[in-house]
A.B. asks: 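Below you'll find the structure I mean.
Note that this is a predicted model, so its numbers are computed, not measured.
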Amino acid sequence: MRGAIYSLCLLGCAAANAADWQLALDLRAIDSNGQTSFLDNGQGKLRFDADHEGIQLGRLRAELNQPLGEVFSAHVEASTWDDDDKNPIDLTEAYLEYRPYPTAGWRSRVRLGAFYPPMSLENRAVGWETPYTITPSAISSWIGEEIRTIGLEGQVDWLGTRQGHAFDLQFTGAVFGWNDPAGTQLANHGFALHDRQTTLFGRVGAVQTDPSKPKKELFHEIDGRPGYYVGAQLRYLDRAVLNLLHYDNRGDPTVEAKEIRDMAWDTRFDAAALRIETGSGWTAILQALDGETSINPFRLLKWKFDSQSALLAKRFGQHLLTARYDSFEVDFNWDSVMPAGEDGHAWTFAWSYERGENWRFALEWLQVDSNVPMRATQLAEPPFAQESKVELSARYTLRGKF
Amino acid sequence: MPNSFRTIVPCLARALLLACCLAMPASASALLVTVLKRDGHPLSGAVITAEAETGVPGAAPPLRAIMDQVNLAFVPDVLVVPLHSTVLFPNSDVVGHQVYSFSSARQFQLPLYRGKPYPPVQFDQPGIVTLGCNIHDNMIGYIVVTAAPFYGRSDARGEWQQHDLPAGRYRVRVWHPLLNETQELMQSFDSAAGEKLEFRLSKALRPAPLTGRPHSWDY
């Protein structure tokens with residue numbers, strides 16, 4: 001995979017068409033009472049815990065979009081997060097896109113490489129970020145943490161709005177590999193609320209010092225069995241979008257990868273999202289996720305997970321006010337013997353302000369209540385925790401061409 | 001000299017106006033079309049065409065028009081041109097666009113470009129040509145190609161007026177990109193019977209495209 005991505009970058013640089021690039025620095029000021037973060041192998045739900053207050057690097061992101069002739073283009077995103085990841089700078093997405101012209105009302109699109117499945121209607125800004133809050137929903141946080149398509153995706157669009165209709169329709173199908181450990185994090189710490197996307201060659205935060213636990217490196221092919229997802233999107237003009245996705249990594253839990261102390265987790269889920277926007281600046285986003293992950297033959301150990309979120313935002317010119325509620329739950333089928341599930345909910349309130357082309361300021365208050373029995377069994381702490389933070393973000397983006 | 005100018009110019013203007021009135025055929029008349037939404041409020045920007053039922057006169061003389069792309073939008077959003085007109089598609093944005101149409105009235109593609117590298121596109125069939133950009137899916141524009149000799153768009157009062165209409169029967173059609181009607185809006189007009197036509201929509205308009213949303217967001 002690494003070789004293919006480097007070749008893709010070289011191909012991009014060699015092309016004659018001008019490339020668009022972006023460089024964005026996002027600094028944060030944090031006030032948090034969070035428990036030791038999952039990034040530091042704790043059971044805290046936040047990216048910045050009580051030990052990571054003050055000025056922090058939110059993200060330093062570089063993006064390159066390179067047209068390759070008429071209908072091909074290459075996209076590469078690299079980021080540094082200034083935490084204890086394996087690589088100081090690493091990729092979050094890198095893919096080649098084929099986008100031919102529509103004919104007779106239909107258009108096809110193909111992506112090859114590493115990218116996010118078309119699932120979150122919240123993470124619509126560049127860099128797979130949400131413009132509504134600093135911290136995405138529990139669902140998007142988990143997708144950013146554990147899920148990446150490393151493979152081939154095809155889409156077919158029926159362009160109804162170009163033919164006098166009020167609707168467009170899109171069908172998506174993908175075949176992928178290198179995502180067999182997906183599910184590891186849900187079983188080890190459950191859901192979290194954070195904007196820390198896992199990098200393609202990195203790991204989730206600090207090194208795992210407990211030799212009995214996986215190394216948290218999530219983008220590996222272990223069982224040689226490709227996974228797939230299929231999805232559909234219905235769009236009403238530019239006002240409403242309904243997204244449906246079924247994902248199955250077809251993991252074979254009998255196969256282990258000793259080098260990352262992990263195995264192929266058999267993870268499948270259904271996701272639905274609805275976004276409605278009005279002419280007066282209101283946006284509502286509803287998202288739901290329901291799935292399960294299992295290890296061991298015959299699916300003896302099984303975690304069922306689900307999460308829902310509801311977001312309401314109002315735009316006032318360049319200002320955006322947002323409120324969001326998240327709920328999440330993980331059920332382990334041997335919970336009565338060995339507690340490994342959780343449940344919780346979170347409230348997020350945010351204000352953001354886009355100043356000109358370059359600056360974005362955001363202020364967010366987030367509180368997450370969670371009941372995690374593993375806090376008692378593993379850390380000798382109370383299972384229930386209420387964590388909250390106030391976060392201020394200042395982001396400066398530079399754009400150019402070469 | 002300036003004083004004499006002030007007296008001569010209005011005199012000349014009045015003489016010219018009189019000459020025009022005398023030169024007009026005695027049977028010429030006027031047409032006032034009013035387009036109202038379902039709730040009775042005026043609909044501005046509606047495309048109105050008046051085509052002679054006898055086929056005479058034919059289409060208005062062709063034009064050389066411009067459909068620009070500014071700030072990731074087609075400008076104007078609706079362009080009305082007579083049959084056989086040519087339209088230039090400059091791209092005034094800093095980002096590249098790929099303009100396409102697969103409408104039956106005119107199918108074409110302008111490969112990724114900035115500035116104005118391509119010659120104008122000619123439109124030889126009447127109909128509605130829907131424009132899109134293959135890179136920016138939220139861009140949508142329309143070119144209405146008409147074989148009618150008289151055409152225009154309704155103003156803020158929902159009105160369009162055509163003077164000097166030769167006597168006869170006309171098919172008057174109304175179209176708007178946000179129309180939700182199931183049937184074409186068409187009425188016959190006989191210049192001998194009157195001077196006014198009113199169209200009232202039977203359904204509410206579709207919501208107008210959203211504005212003010214950052215372009216960097218996914219559509």
A.B. asks: Among A:D238, A:L121, A:T161, who wins on heavy-atom pairs under 4.5 Å with chain B?
C.D. replies: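 The residue among A:D238, A:L121, A:T161 with the greatest pair count is A:D238.
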A.B. asks: Can you tell me if A:T348 and A:E364 form a side-chain donor-acceptor pair at under 3.5 Å?
C.D. replies: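 A:T348 vs A:E364: no donor-acceptor pair found between side chains.
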A.B. asks: So, A:Q155 and A:T172: side-chain donor and acceptor under 3.5 Å apart, yes or no?
C.D. replies: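 A donor-acceptor contact under 3.5 Å links the two side chains.
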A.B. asks: Going by ring pair (Phe, Tyr, Trp, His ring centres under 6.0 Å), B:Y118 matches just one of B:F89, B:Y113, B:F108. Which one?
C.D. replies: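 Single pass found, and it is B:Y113.
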A.B. asks: Checking heavy atoms, do the side chain of A:D20, its backbone, both or neither come under 4.5 Å from chain B?
C.D. replies: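 The answer is the side chain of A:D20.
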A.B. asks: Could you tell me which portion of A:R399 (side chain, backbone, both or neither) has an atom closer than 4.5 angstrom to a non-hydrogen atom of chain B?
C.D. replies: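 For A:R399, neither part sits under 4.5 Å from chain B.
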A.B. asks: Answer yes if the side chains of A:Y95 and A:E153 hold a donor-acceptor pair under 3.5 Å, and no otherwise.
C.D. replies: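 No - no donor-acceptor pair under 3.5 Å links their side chains.
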A.B. asks: Is it the side chain or the backbone of B:N180 that comes within 4.5 Å of chain A heavy atoms, both, or neither?
C.D. replies: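 Contact with chain A is absent: no heavy atom of B:N180 under 4.5 Å.
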A.B. asks: Is any NZ, NE, NH1 or NH2 atom of the basic residue among A:E277 and A:R275 found under 4.0 Å from an Asp or Glu carboxylate oxygen of the other?
C.D. replies: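 Yes.
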A.B. asks: If you count heavy-atom pairs under 4.5 Å between each of A:P131, A:G281, A:A125 and chain B, which one has the most?
C.D. replies: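 Top option by heavy-atom pairs under 4.5 Å: A:P131.
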A.B. asks: What part of A:R162 gets closer than 4.5 Å to chain B, counting heavy atoms only: side chain, backbone, both or neither?
C.D. replies: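 A:R162 touches chain B through backbone and side-chain heavy atoms alike.
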A.B. asks: When only pairs under 4.5 Å are counted, which of B:D137, B:I128, B:V94 shares the most heavy-atom pairs with chain A?
C.D. replies: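 So the answer, after comparing B:D137, B:I128, B:V94, is B:D137.
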A.B. asks: Scan side-chain atoms only and decide if A:R61 and A:Q22 contain a donor-acceptor pair under the 3.5 Å cut-off.
C.D. replies: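 Side-chain D/A pair, A:R61 to A:Q22: present.
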A.B. asks: Salt bridge check, B:E184 against B:R171: does any charged N sit closer than 4.0 Å to a carboxylate O?
C.D. replies: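 B:E184 and B:R171: not salt-bridged.
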A.B. asks: So B:Y142 and B:W175, would you call those rings parallel, tilted or perpendicular, with 30° and 60° as cut-offs?
C.D. replies: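 Ring orientation of B:Y142 relative to B:W175: perpendicular.
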A.B. asks: Top residue by heavy-atom pair count (under 4.5 Å) with chain A, among B:L179, B:N138, B:I135, B:T211?
C.D. replies: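 The answer is B:I135.
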A.B. asks: Examine whether an atom of A:T278 lies under 4.5 Å from a heavy atom of chain B, and if so say whether it belongs to the side chain, the backbone or both; otherwise answer neither.
C.D. replies: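 Answer is backbone: N, CA, C or O of A:T278 sit under 4.5 Å from chain B.
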A.B. asks: Looking at B:L112, B:T130, B:N134, which one has more heavy-atom pairs under 4.5 Å with chain A than the rest?
C.D. replies: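 With the most close heavy-atom pairs to chain A, the winner is B:N134.
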A.B. asks: Below 4.5 Å from any heavy atom of chain B, which atoms of A:A166 appear? Answer side chain, backbone, both or neither.
C.D. replies: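 Answer is both: backbone and side chain atoms of A:A166 are under 4.5 Å from chain B.
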